[in-house]
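Keep in mind that this is a model prediction, so the values were computed, not measured. Naming: A, B, ... by sequence-line order, numbering from 1 per chain.
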Amino acid sequence: MLGVSLSCKITNLNQNLLGLLEKCKSMLELKQLHAVVISFGLSQDDPFISKILCFSALSNSGNINYSYRVFSQLSRPTIFNWNTIIRGYSNSKLPIYSLSIFLKMLRLGVAPDYFTYPFIVKASARLLNQEIGVSVHAHIIQTGHESDRFIQNSLIHMYASCGNIMWAQKVFDSIQGKNLVSWNSILDGYAKCGEMVMAHKVFESMSEKDVRSWSSLIDGYVKAGEYREAMSVFEKMRAVGPKANEVTMVSVSCACAHLGALEKGKMIHKYIVDSGLLVTLVLQTSLVDMYAKCGAIEEALLVFRGVSKSQTDVLIWNAMIGGLATHGLVEESLNLFKEMQMVGILPDEVTYLCMLAACAHGGLVKEAWYFFESLNKCGMTPSIEHYACMVDVLARADQLTTAYQFICRMPIEPTASMLGALFSGCINHRNLALAEIVGKKLIELEPNHDGRYIGLSNVYAVDKRWDDARSMREAMERRGVKKSPGFSFVEISGVLHRFIAHDKTHPDSVETYCMLNFVVRQTKFSFYKDNKEKSLKDTSMGDEFFLF
DNA sequence: ATTGATGAAC
């Protein structure tokens, strides 16, 4: 009698535990349930452990390392358990672990099944390591799994991710009975590799298209820098395609950001809200960036402040901090950096780059050194961009010799853009001797860059070295370097207007120049007021620029 | 239980 009721209770307990595990939301809850499982002395190989493994390996709020610790306690893990852990790591930050666990599995003589392979192919894709991918592919052929459509589709993605679109196409061609995923994978592959003509061709030849097909095409155009094309595909999608999702909108808002199309961007934002799309952190980040790049820093802040702090990550902070920095809102940018650390988000290399950019705008040399050293202290290696930013800070602050020495002491070769920053510094601060050294080096580095010749020629002109000035322009002509016009874009009421320097073809050209002259005069006026120690003659050098 | 997509700086 007692035995019956006990076993009855245990059955109930089992049922309840399973139910609770199904509903589990966080690692905290999971650990509590795990503790119950252990304290009741339930068998290791029971269904609870599998559930615990699944949640901690696969859930968004899971913890793959916890999962692995549980897994490693199992005396006889099932193929399902192996697959769970391999799948978990393939989605993690360390997909290489999928492969080491896979190898361990092989060593122990456990045979992988057709569920295992898509996960390890995905892991190789995420590692962007074709060599590993090829070995995995070879193993798939050896074990006779090469006609599995799931595996083939993941192989297309793997080869395309590694930049080998030819092999991706080969796998695609070999598939008997291609499905939508196969088509989307090859389409996305071409888009990823920047082959938009092919991507478009694939897209057109598809009999069935879903939101991913459209999104891949749009994103491909965005990644290829063809933002207008991306926008027009999106318009077409709205007219004749499926409903866009949050992934589509990330690409579309990115296109708006690069076009500086604020009105369109606002419409996109409205569309997102109106259509009740899931507003993910990724989407919020791209909206912050879009508003910042379109000059609407207040709107960017509004989106940013709408995200609850506990939901944020380093990317959205970087987008906001970087946006403030490029708007010259240096103080705000520094404050946000402090706030970010108070919230407990660790800055990364990009954060420091944003901070250095802020310092460059604010002329904050001391702070820049502080950030540059923090970067090293936190165990990060400064990249070429960090060095370039530092040079920019020093050059703008008239610490030209320090900047020059900084470049000489760098452990890496200076880039042309870095020397370019120093060069502009030399010109702006009238260090003509250093300008000449740097300018010559720049022409050596980039013999086809028109601006370098013109810049150096202008330097000589200021120094009244007319012969040298002329010889620069002659050298430029001799080498067939063409002066390429720079474009400016202005968006008014959703219409994009393009301008070239000295352009008089626009219908509102007269009014535009009128306004421009007014702005230039105002700027100069306030500049002279701030720089009384500098002579008017000196600062008028800007006028001589680009008259060439 | 499986495959295909998205965000930050230059």
**Study point:** Check: dG7(B) base within 3.5 Å donor-acceptor of Asp313(A) side chain
**Key:** yes

Review point. Does any donor-acceptor pair link the side chain of Ser286(A) with the base of dG7(B) at a separation under 3.5 Å?
Key: no

**Study point:** NZ/Lys201(A): more than 12 non-hydrogen atoms of other groups inside 6.0 Å
**Key:** no

Check your understanding: With a cut-off of 6.0 Å (strictly less than), are more than 12 heavy atoms of other residues, nucleotides or ligands near OH of Tyr97(A)?
Key -> no

Separation of [X] atom [atom1] from [N] atom [atom2], in whole Å?
X: Ile272(A); N: dT6(B); atom1: CD1; atom2: C1'; result: 12 Å
X: His361(A); N: dC10(B); atom1: NE2; atom2: P; result: 9 Å
X: Tyr291(A); N: dA8(B); atom1: OH; atom2: C1'; result: 18 Å
X: His145(A); N: dT2(B); atom1: NE2; atom2: P; result: 17 Å
X: Phe71(A); N: dA1(B); atom1: CZ; atom2: C1'; result: 15 Å
X: Leu324(A); N: dA9(B); atom1: CG; atom2: P; result: 13 Å
X: Leu356(A); N: dC10(B); atom1: CG; atom2: P; result: 11 Å
X: Ile345(A); N: dA8(B); atom1: CD1; atom2: P; result: 17 Å

From the options [options], select the nucleotide whose nearest atom is closest to the side chain of [X].
X: Val247(A); options: dC10(B), dA5(B), dA8(B); answer: dA5(B)
X: Ser154(A); options: dA5(B), dG7(B), dT3(B); answer: dT3(B)
X: Ser251(A); options: dT6(B), dT2(B), dA8(B); answer: dT6(B)
X: Asp289(A); options: dT3(B), dG7(B), dA9(B); answer: dA9(B)
X: Asn318(A); options: dA8(B), dA1(B), dT6(B); answer: dA8(B)
X: Asp113(A); options: dA8(B), dG7(B), dA1(B); answer: dA1(B)
X: Phe115(A); options: dA1(B), dG7(B), dT3(B); answer: dA1(B)

Exercise for review: Measure the acute angle between the ring planes of His139(A) and Phe102(A), then classify it against the limits of 30° and 60° as parallel, tilted or perpendicular.
Suggested key: perpendicular

Interface residues of [range] with DNA chain B (non-hydrogen, below 4.0 angstrom):
range: residues 335-342 of chain A; answer: none
range: residues 157-179 of chain A; answer: His157(A)
range: residues 188-223 of chain A; answer: Asp188(A), Lys192(A), Asp210(A), Arg212(A), Ser215(A), Asp219(A), Lys223(A)

Which pairs of donor and acceptor atoms, one on a side chain in residues 367-380 of chain A, lie under 3.5 Å apart (sequence neighbours left out)?
residue: Ser374(A); atom: OG; partner: Tyr370(A); partner atom: O; Å: 2.7
residue: Asn376(A); atom: ND2; partner: Phe372(A); partner atom: O; Å: 3.4

Review point. Between Met196(A) and Leu217(A), is any pair of side-chain heavy atoms under 4.5 Å apart?
Key: yes

Categorize [X] for me: base, sugar-phosphate, or nothing, with a 4.0 angstrom heavy-atom threshold over every strand shown.
X: Ile186(A); value: nothing
X: Ser185(A); value: sugar-phosphate
X: Phe119(A); value: sugar-phosphate

Is the centre of the [X] ring less than 6.0 Å from the centre of the [Y] ring?
X: Tyr114(A); Y: His145(A); answer: no
X: Phe304(A); Y: Trp317(A); answer: yes
X: Phe80(A); Y: Phe115(A); answer: no
X: Phe203(A); Y: Trp183(A); answer: no

Review point. Salt-bridged, Lys441(A) to Glu413(A), with N to O below 4.0 Å?
Key: no

Check your understanding: Under the side-chain hydrogen bond (donor to acceptor under 3.5 Å, both in side chains) test, which residues partner Glu446(A), sequence neighbours left out?
Key -> Arg452(A)

Check your understanding: Residues in side-chain hydrogen bond (donor to acceptor under 3.5 Å, both in side chains) with Arg396(A), at least two apart?
Key -> Asp392(A)

Review point. Going by ring centres under 5.5 Å and near-parallel planes (under 30°), is Phe150(A) stacked on dT2(B)?
Key: yes

Review point. Under the 5.5 Å and 30° test, is Trp317(A) stacked on the base of dA8(B)?
Key: no

Check your understanding: Are Lys293(A) and dC10(B) close enough that a side-chain N or O sits under 4.0 Å from OP1 or OP2?
Key -> no

Check your understanding: How about Tyr221(A) and His200(A): does a side-chain donor come under 3.5 Å of a side-chain acceptor?
Key -> no

